[in-house]
Amino acid sequence: MSSPEQASLERARELLAEFPVVDGHNDLPWALRSQVRYDLDARDIATDQRAHLHTDLPRLREGGVGAQYWSVYVRSDLPGALTATLEQIDCVRQLIARHPADLRGALTAADMEAARAEGRIASLMGAEGGHSIDNSLAALRGLYALGVRYMTLTHNDNIAWADSATDVPAVGGLSEFGREVVREMNREGMLVDLSHVAATTMRDALDTTAAPVIFSHSSARAVCDHPRNIPDDVLERLPGNGGVAMVTFVPKFVLQAAVDWTAAADGNMRANGFHHLDTTPEAMKVHRAFEETHPRPVATVSTVADHLDHMREVAGVDHIGIGGDYDGTAFTPEGLNDVSGYPNLLAELLDRGWSSTDLAKLTWQNAVRVLGAAEDVARDLQAKRGPSNATLGQLDC
């Protein structure tokens, strides 16, 4: 006889077999770049890579993943960011070509459905940070032509035309060129991703866009007060916009105790003369000494479910999704250790009274719908106007 916990997990797996997870954000390409410089033999994701990565094909299958937005992220301080973004795109294309039985390249909502029908994992791409277009609308269109289907307007740092959530406000949200970027994304059919951006940027983008937006990996600020999360007034606007907020699993974004611990750990690093992101042996010695006396708080599946409960209450079940940020974070919640963990989250939500209909929307239907809606808006806009050739200098002086 199975326990209630086992029964919920079995039901979660059955649901995922029909409506698998569309995950909004996975940093595997950057991990492959930083660990092995794209040597896909050295990190063969057809085999178990848990010693090095959160992601491989066996665990994606175990986790019930049916579509993945692979992040083609590059650091905002990296010289030649546009070139590096092209290398990231090439990495994803190599992965798809290398594993045709498991991965199918996807550009449209229809492609996603076709992949699901074939039992393959739809593979899409998202650029993480507007620095990747080098202030060029032509470069934006080039990324779309290469398969990029969303762009996060900023990463951790401000750019010339948009404020980041984790930098000192400079633009005040979106500049006029930033608004033109949003309009051109709408015209192309590229989803506007508002993870990482300041709340002022979120609101300006919602005021500007003609298409639904996404948050590819963000949680609820009312549950955990971190600037990377979404304020309730923005969540409340998603039904009118049609967009989707995809909960992330990063402990320091979902657990308030982890936010407070991180602030204290960063302060300790600075007090000892190190940048808080310094990973040199001397800096890590200071960090480990702090962690020995101040144990790191641990997030759980329940922590993430608390965010989803709140996001469903504020935005509605038609406007939420999942974006784990695997291989883009050093730490993960217990039970969501890697990409095999999604059934544990669904089992928790089933135990909280979420219906099969609710979960189908969360995992698959909302994310597919929002991409299809962006395609519809693009067809309409392309019938009305041509591409914009505006420049940052013209619009922002």
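Just so it is clear, the model here is predicted, and its values are computed rather than measured.
For E176, the salt bridge (charged side-chain N to carboxylate O under 4.0 Å, His left out) partners are R183, not counting sequence neighbours. Partners of H276 under the ring pair (Phe, Tyr, Trp, His ring centres under 6.0 Å) rule, at least two apart in sequence or in another chain, do not exist in this structure. Residues meeting the salt bridge (charged side-chain N to carboxylate O under 4.0 Å, His left out) test with E188, sequence neighbours left out: none. Shown here are the side-chain hydrogen bond (donor to acceptor under 3.5 Å, both in side chains) partners of Y73, two or more places apart in sequence or in another chain: there are none. Y144 is linked by a ring pair (Phe, Tyr, Trp, His ring centres under 6.0 Å) to nothing, counting only residues two or more places apart in sequence or in another chain. Residues passing the salt bridge (charged side-chain N to carboxylate O under 4.0 Å, His left out) test with D376 are R379, sequence neighbours excluded. The side-chain hydrogen bond (donor to acceptor under 3.5 Å, both in side chains) test applied to Q94 returns D90, not counting sequence neighbours. Under the rule for a salt bridge (charged side-chain N to carboxylate O under 4.0 Å, His left out), R93 has no partner lying at least two apart in sequence or in another chain. Residues passing the side-chain hydrogen bond (donor to acceptor under 3.5 Å, both in side chains) test with T152 are D193, sequence neighbours excluded. Partners of H99 by ring pair (Phe, Tyr, Trp, His ring centres under 6.0 Å), not counting sequence neighbours: none found. For the side-chain hydrogen bond (donor to acceptor under 3.5 Å, both in side chains) test, residues two or more places apart in sequence or in another chain that qualify with R203 are D233.
Once rounded to the nearest 0.5 Å, the distance linking CE of M185 with CG of L143 reads 10.0 Å. Expressed to the nearest 0.5 Å, how far CG of L359 lies from CG of L346 amounts to 4.5 Å.
Neither side chain, R221 nor H226, offers a donor N or O lying under 3.5 Å from an acceptor on the other. A donor and an acceptor atom, one from each side chain of T47 and D44, are nowhere located under 3.5 Å apart. Between the side chains of D396 and W161, no donor-acceptor pair of N or O atoms lies under 3.5 Å. Remark: the H25 side chain and the E128 side chain contain an N/O donor-acceptor pair separated by less than 3.5 Å. Using modelled atom types and a 3.5 Å distance limit, the side chains of Y342 and E62 yield no donor-acceptor pair. A donor atom on one side chain and an acceptor atom on the other are found under 3.5 Å apart for D351 and S8. When only modelled atom types and interatomic distance are considered, D134 and S136 share no side-chain donor-acceptor pair under 3.5 Å. The closest side-chain donor-acceptor pair between T55 and N26 falls under 3.5 angstrom. Side-chain contact, D325 with T248: no donor N or O sits under 3.5 Å from an acceptor N or O. Between W70 and S123, the side chains place a donor N or O and an acceptor N or O closer than 3.5 Å (distance only, hydrogens not considered). If you check the side chains of H319 and N366, you find no donor sitting under 3.5 Å from an acceptor.
Looking at heavy atoms from C-beta onward, Q49 lies in side-chain contact with R59 at the 4.5 angstrom threshold. Side-chain contact check for D27 versus Y326: every heavy-atom pair is 4.5 Å or farther apart. Looking at heavy atoms from C-beta onward, D163 lies out of side-chain contact with T154 at the 4.5 angstrom threshold.
Follow the hydrophobic side-chain contacts under 4.5 Å out from F253 and you never reach V197; the two are in separate clusters. Under the 4.5 Å side-chain heavy-atom criterion for grouping Ile, Leu, Val, Met, Phe, Trp and Tyr, L140 is not connected to L381 through any hydrophobic cluster. Under the 4.5 Å side-chain heavy-atom criterion for ILVMFWY residues, a single connected hydrophobic cluster contains both V21 and I320. Both L28 and L86 are part of a single hydrophobic cluster, where members link through side-chain heavy atoms under 4.5 Å apart.
Between E375 and A109 the shortest heavy-atom distance is OE2-N, 2.8 Å. Here the closest heavy-atom approach between residue T279 and residue M284 is recorded as O-CG, 3.5 Å. Contact between N389 and R141 at its shortest, heavy atoms only, is OD1-NH2, 3.2 Å. Listed here is the closest heavy atom pair of I121 and V65: CG1-O, 3.5 Å. The shortest non-hydrogen separation linking E180 to S388 is OE2-OG, 2.6 Å. In terms of heavy-atom proximity, N158 sits nearest to D167 at N-OD2, 2.9 Å.
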* side chain to side chain donor-acceptor pair (under 3.5 Å) between T332 and N337, intermediate numbers included -> CA-CA 5 Å; T332 55; N337 307 79; 4.5 Å; no
* May I have the step-by-step check of side chain to side chain donor-acceptor pair (under 3.5 Å) for N186 and T209, ending in yes or no? => CA-CA 7 Å; N186 290 166; T209 186; 3.1 Å; yes
* Asked: What's the verdict on side chain to side chain donor-acceptor pair (under 3.5 Å) for N156 and S76, showing C-alpha distance, side-chain angles and the deciding distance?
  -> CA-CA 8 Å; N156 288 338; S76 55; over 6 Å; no
* **Test log, rule salt bridge (Lys or Arg N to Asp or Glu O under 4.0 Å), inputs R116 and E113** => CA-CA 5 Å; R116 180 169 71 122; E113 291 289 7; 3.0 Å; yes
* Walk me through it: do L349 and L362 pass the test side-chain contact (heavy atoms from CB on, under 4.5 Å)? => CA-CA 11 Å; L349 295 173; L362 173 73; 3.6 Å; yes
* For L255 and V298, run side-chain contact (heavy atoms from CB on, under 4.5 Å): C-alpha distance rounded to whole Å, both residues' side-chain angles, the deciding distance at 0.1 Å, then the answer. => CA-CA 8 Å; L255 182 65; V298 178; 5.8 Å; no
* Give the intermediate values and the outcome of salt bridge (Lys or Arg N to Asp or Glu O under 4.0 Å) for residues D318 and K361. => CA-CA 6 Å; D318 294 316; K361 291 179 177 182; 2.8 Å; yes
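Without hydrogens or angle criteria, R149 side chain to L107 main chain gives a donor-acceptor distance under 3.5 Å. Side-chain atoms of N241 come within 3.5 Å of backbone N or O of V213 as a donor-acceptor pair. Side-chain atoms of Q88 do not come within 3.5 Å of backbone N or O of V74 as any donor-acceptor pair.
Between D278 and R270 there is no salt bridge, since no side-chain nitrogen of the basic residue lies less than 4.0 Å from a carboxylate oxygen of the acidic one. Here R179 does not pair with D207 in a salt bridge; the nearest charged N to carboxylate O distance is not below 4.0 Å. Using a 4.0 Å cut-off between charged side-chain N and carboxylate O, E87 and R37 make a salt bridge. In this structure, R352 pairs ionically with D306, as a charged nitrogen and a carboxylate oxygen lie closer than 4.0 Å. Here D56 does not pair with R43 in a salt bridge; the nearest charged N to carboxylate O distance is not below 4.0 Å.
Here L191 sits in one hydrophobic cluster together with F19, V22, Y69, M112, L124, Y150, I214, V244, M246, W364, V368, V370, L371; the rule is ILVMFWY side chains under 4.5 Å apart, joined directly or through other members.
With F249 as reference, I322 is the one residue of I322, T329, V301 to meet the side chain to side chain contact (heavy atoms under 4.5 Å, CB included) rule.
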